[in-house]
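To start, the structure under review is shown below, and the notes come after it.
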Amino acid sequence: MATWEEPLGAALDRVEGRDKVTGRAVYSGDVTVPGMAHAVMVTSTESAGRIRRIDTRAALAADGVLAVLTHNDRPAWKGTPDIPYGAEPRMPLADGRVLHAGQPLALVVAESLEQARRAAALVRVHYRTQKPVPTLDDALPDAYTPTGPYLVLGDPDSLRGEPERELADAQVKVAGEYRTSTISHTPMEPSSTLAVWEKPDRLTLYDSSQGVFRHRPALAAAFGLPLDRVRLVSSYIGGGFGNKSFVWAHTYLAPLAARAVRRPVRLTIDRKQVFTGTGHMPETRQTIRIGADRDGRVRALTHDSVNPTSFVVDRHETTTACTRVMYPVPHLRTTTRVAKVNTSTSGAMRTPGDSPGMFALESAMDELAHATRLDPVELRRRNYAEVRPSDGKPWAGNRLLECYDLGARVFGWGRRDPRPRSMRDGDDLVGWGMASAIRVEHRARARAVVELRRDGTAEVRAGTVEIGGGTLTTLVQVAASGLGIGPDRVSIRAGDTDLPETAPTFGSRTSGSTGSAVHLAAADARRTAVRLAVGDPRSPLHGLAEDDVDAESGRLFHRDDRGRGETYEALMSRHGKRTLRGEGDYNPAADSPRALSTFGAHFTEVRIDRDLPRVRVTRHVAVFDCGLVLNAKTARNQAQGGIIYALGAALMEKLTLDPVSGRMVNPALTDYHVPVHADIGHVDARFVGQAETDVNPLGAKGLGEICAVGVAPAVANAVFHATGHRVRTLPLTPDTLLAAR
């Protein structure tokens with residue numbers, strides 16, 4: 001018998017990896033059905049105004065065209081979605097108002113994609129234009145406190161103590177304005193929706209969705225259907241960084257078109273529409289003031305933030321959320337404001353609010369370290385929060401100090417000369433910077449089924465979606481560990497609302513919430529088998545207490561006498577059982593008695609040529625506390641990917657709005673730069689966590705987002721160390737460095 005190896009934590013290859021590299025994996029855009037037609041959106045070239053007339057005659061006369069839908073002749077929407085996260089209150093093609101460039105104004109449906117594209121180019125839109133509010137600079141005078149459904153993301157303001165008084169009396173003061181730019185998700189896979197009306201009142205969508213269960217109510221409301229008459233299927237996602245967690249126009253328009261032409265319709269957006277129609281992270285302007293004692297202990301802090309929002313709905317970036325809980329500041333005030341701009345609605349983008357907010361906070365803390373002549377790590381140690389500062393709750397695991405220790409040791413932080421511009425290598429200025437990371441651990445209800453079969457194999461059934469982070473693999477490992485069988489004996493079905501409802505695959509909820517549901521389901525199936533054995537006079541385990549029975553390698557056995565036992569196959573065959581079913585329902589309380597967060601520390605090295613001020617990140621070390629690591633390989637890969645993602649925002653990514661028209665200047669990968677291999681140095685990701693069962697039964701916490709929090713300020717702090725010039729604007733492009741001189 002092969003030696004048993006515990007599946008949890010093992011560095012296993014992805015279960016779907018071979019299918020992906022050989023092309024067998026089916027994404028939403030790969031699904032075909034008989035009679036399928038194709039749709040293409042016609043989008044606005046203006047940012048503000050009204051439609052005077054849409055001329056569709058040439059498009060309707062083009063070869064293969066089945067229909068052209070506009071706000072004048074579309075089928076009626078049956079309702080307005082009312083879900084707390086991920087839907088706009090304004091439906092596509094609602095009326096003749098134009099609120100942003102790239103807004104869908106018409107939909108062309110044709111026999112082929114090529115015919116639909118050609119006909120879409122023939123649609124002529126005549127506008128009554130208005131002067132837009134093109135940028136945040138134009139909107140700032142009218143900034144206001146946000147209202148509406150997105151307050152579910154968090155309160156815009158907070159206050160404790162008397163920060164103004166304490167700031168006035170502080171021994172050491174630092175202050176600065178920090179700016180982050182508008183950035184785009186830019187997933188490799190543009191969103192795609194295939195709509196099939198199987199009956200007049202039953203809709204199936206094959207959709208690029210990070211949350212099939214979250215999106216189903218929106219579709220049901222829009223088309224006036226009971227929830228059980230809407231099915232969403234999302235097999236694989238080719239990159240999901242938050243934009244596929246919202247319901248955007250194309251997801252509504254595909255079934256609308258399918259109903260109009262009475263045929264299945266696929267609508268795949270083009271690359272430009274990814275930028276203009278599926279959200280973005282908005283730019284932010286943040287002002288931070290810190291008052292501290294001479295020994296670096298922070299006494300008072302204010303953090304004020306503003307970001308643009310669309311004319312459709314208020315959506316604020318929760319940039320101050322981390323500030324409220326990162327350090328034990330007795331006197332604190334935070335505010336968040338929004339300002340109306342003629343742009344599309346922003347959306348959740350990996351670490352919404354946390355990344356831009358921590359750029360400001362951790363840059364300011366580095367300025368405080370310089371002002372107090374303290375090592376940046378030591379400053380943070382002196383301001384470590386023993387409990388959550390916002391409410392005094394004890395942490396359900398906080399190994400941030402261990403993150404500092406391991407990161408500093410691996411990086412070699414002790415060799416850092418603290419003097420700016422003191423470290424050089426030839427013509428390169430060398431800078432070392434660091435920053436902390438924190439993120440609230442979100443939880444959501446999740447269900448799963450684990451079915452154990454007579455032949456010793458098992459199947460996991462859970463509606464979760466694989467967005468590229470290794471979810472299917474880790475859930476297989478959870479089930480295998482719980483059953484005591486090899487992960488190669490476990491299969492998984494996922495990505496379908498016909499399966500048990502799970503947490504959405506966004507907000508770093510999958511490992512903790514859906515993983516706990518699978519953990520509970522596997523334990524339930526195993527418990528059923530154990531009870532069958534200990535109650536069976538023919539079993540070697542008869543009469544034992546259930547807790548005395550363990551399982552490994554597909555075999556149940558006595559904990560103190562491993563030779564006493566039997567296989568699942570023998571047990572189930574004797575009882576005529578083809579399967580044993582386990583169910584898991586993880587339903588966390590709305591409020592936890594402990595504070596739930598993930599933590600991390602980033603250490604980075606930059607090199608900047610003395611004559612060419614281009615920042616190169618040559619080395620980055622990060623350490624994370626994310627509870628139980630379910631798979632060493634996928635966790636490291638997830639962390640490295642998140643760090644590289646955040647390096648893009650720190651060094652090069654910026655969506656530019658034209659200051660006159662409000663249109664995006666660079667909505668294409670030819671002009672919007674993302675990191676390539678040559679841009680990235682060595683990235684070393686490590687973990688200090690262990691199972692945190694105070695958080696959830698599995699003991700795992702989210703990793704997908706914490707890994708990106710704190711990267712940008714670590715880089716900016718390294719730039720200051722290298723050059724002696726503080727840059728408070730992202731991205732850290734050569735022009736920003738030149739301006740800081």
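Note: hydrogens, waters and symmetry copies are ignored here, and every other heavy atom, side chains too, is used. Treat the numbers as computed from the prediction; the structure is a model and nothing was measured.
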Quiz item: Looking just at side-chain N and O atoms, do Ser209 and Ser234 make a donor-acceptor pair shorter than 3.5 Å?
Solution: no
Exercise. Return each pair, listed once, that meets salt bridge (Lys or Arg N to Asp or Glu O under 4.0 Å) where at least one residue sits in residues 687-696; pairs must be two or more places apart or across chains.
Key: Arg399-Glu692, Arg594-Asp694
Quiz prompt | NZ or CZ of Arg380 within 45° of Tyr404 ring axis and under 6.0 Å | solution = no
Quiz item: Do you see a donor-acceptor pair shorter than 3.5 Å between the side chains of Thr464 and Thr471?
Solution: no
Quiz item: Does the side chain of Thr323 come under 3.5 Å of the side chain of His303 through a donor N or O and an acceptor N or O?
Solution: yes
Quiz item: Strictly by modelled atom types, are Thr335 and Asp157 linked by a side-chain donor-acceptor pair under 3.5 Å?
Solution: no
Practice problem: Kindly compute the distance separating OG (Ser245) from NE2 (His185), expressed to the nearest 0.5 Å. | Solution: 7.0 Å
Exercise. Verify side-chain contact (heavy atoms from CB on, under 4.5 Å) between Phe506 and Lys244, making sure each step is shown before the conclusion.
Key: CA-CA 9 Å; Phe506 58 77; Lys244 293 169 184 173; over 6 Å; no
Exercise. Please identify each residue that fulfils side-chain hydrogen bond (donor to acceptor under 3.5 Å, both in side chains) with Thr145, with sequence neighbours left out.
Key: Arg337
Practice problem: Flag the pair Asp684 and Arg686 as a salt bridge only when some basic side-chain nitrogen lies within less than 4.0 angstrom of an acidic carboxylate oxygen. | Solution: yes
Quiz prompt | Crowding at CG, Asp391 (>12 non-hydrogen neighbours, <6.0 Å) | solution = yes
Exercise. Return the set of residues passing side-chain hydrogen bond (donor to acceptor under 3.5 Å, both in side chains) with Thr186 (not counting sequence neighbours), or none when no residue passes.
Key: none
Quiz prompt | Between Thr473 and Asn631: side-chain donor-acceptor atoms closer than 3.5 Å | solution = no
Exercise. Please name all residues satisfying side-chain hydrogen bond (donor to acceptor under 3.5 Å, both in side chains) with Thr336, sequence neighbours left out, ordered by chain then number.
Key: none
Quiz prompt | Residue pairs passing the salt bridge (Lys or Arg N to Asp or Glu O under 4.0 Å) test where at least one lies in residues 634-646, sequence neighbours excluded | solution = none
Self-check item: Residues which pass side chain to side chain contact (heavy atoms under 4.5 Å, CB included) with Ser481, listed by chain and number, not counting sequence neighbours
Solution: Glu6, Pro7, Leu8
Exercise. Quick one: list whatever passes salt bridge (Lys or Arg N to Asp or Glu O under 4.0 Å) with Arg581, sequence neighbours left out.
Key: Glu583
Quiz item: In chain order, what residues pass the salt bridge (Lys or Arg N to Asp or Glu O under 4.0 Å) check against Arg216, with sequence neighbours excluded?
Solution: none
Quiz prompt | Partner set under side chain to side chain contact (heavy atoms under 4.5 Å, CB included) for Pro89, not counting sequence neighbours | solution = Val312, Val313
Quiz prompt | Output field: ring centroids Phe624/His602 closer than 6.0 Å | solution = yes
Quiz item: Got a salt bridge between Arg493 and Asp498, using NZ or NE/NH1/NH2 to carboxylate O under 4.0 Å?
Solution: no
Quiz item: Who pairs with Ser346 by side chain to side chain contact (heavy atoms under 4.5 Å, CB included), at least two apart in sequence or on another chain?
Solution: His280, Pro282, Arg315
Quiz item: Can you name the nearest heavy-atom pair linking Gln477 to Ala10, along with the distance?
Solution: NE2-O, 3.2 Å
Self-check item: Sub-4.5 Å side-chain heavy-atom contact between Leu361 and Met326
Solution: yes
Practice problem: Calculate, to the nearest 0.5 Å, the distance between atoms CZ and OG belonging to Arg443 and Ser516 respectively. | Solution: 9.5 Å
Quiz item: Does any donor atom in the side chain of Thr180 or Thr284 lie under 3.5 Å from an acceptor atom in the other side chain?
Solution: yes
Quiz item: Got a salt bridge between Arg531 and Glu546, using NZ or NE/NH1/NH2 to carboxylate O under 4.0 Å?
Solution: yes
Quiz prompt | Student check: side-chain heavy atoms of Pro389 and Tyr327 closer than 4.5 Å | solution = no
Quiz item: Which heavy atom in Glu653 sits nearest to a heavy atom in Tyr645, and how many Å separate them?
Solution: OE2-O, 4.0 Å
Quiz item: CD of Glu705 to CZ of Arg509: how many Å apart, nearest 0.5 Å?
Solution: 8.5 Å
Self-check item: Residues Glu459, Arg461: salt bridge by 4.0 Å N-O rule
Solution: yes
Self-check item: Distance-only donor-acceptor check, side chains Asn637 and Arg14, under 3.5 Å
Solution: yes
Self-check item: Thr345 and Glu88: side chain donor to acceptor below 3.5 Å
Solution: yes
Quiz item: Between Tyr27 and Tyr236, what is the ring plane arrangement, given parallel below 30°, perpendicular above 60°, and tilted in between?
Solution: tilted
Quiz item: Does the pair Val233 and Tyr206 meet the rule for a side-chain contact (heavy atoms from CB on, under 4.5 Å), with working shown?
Solution: CA-CA 5 Å; Val233 180; Tyr206 300 90; 3.8 Å; yes
Quiz item: Given Ser208 and Glu189, is the side-chain contact (heavy atoms from CB on, under 4.5 Å) satisfied, shown in steps?
Solution: CA-CA 9 Å; Ser208 305; Glu189 174 206 35; 3.4 Å; yes
Self-check item: Residue pair Thr251, His215: steps toward the side-chain contact (heavy atoms from CB on, under 4.5 Å) verdict
Solution: CA-CA 9 Å; Thr251 305; His215 293 177; 5.8 Å; no
Quiz prompt | Side-chain H-bond candidate by donor/acceptor type, Ser158 with Thr334, under 3.5 Å | solution = yes
Practice problem: State, with a plain yes or no, whether a side-chain heavy atom of Val440 is found less than 4.5 Å away from one of Leu596. | Solution: no
Self-check item: Pairing residues for Asn587 by the side chain to side chain contact (heavy atoms under 4.5 Å, CB included) criterion, not counting sequence neighbours
Solution: Arg445, Asp585
Practice problem: Could you tell me which residues satisfy side-chain hydrogen bond (donor to acceptor under 3.5 Å, both in side chains) with Thr497, sequence neighbours excluded, listed by chain and number? | Solution: none
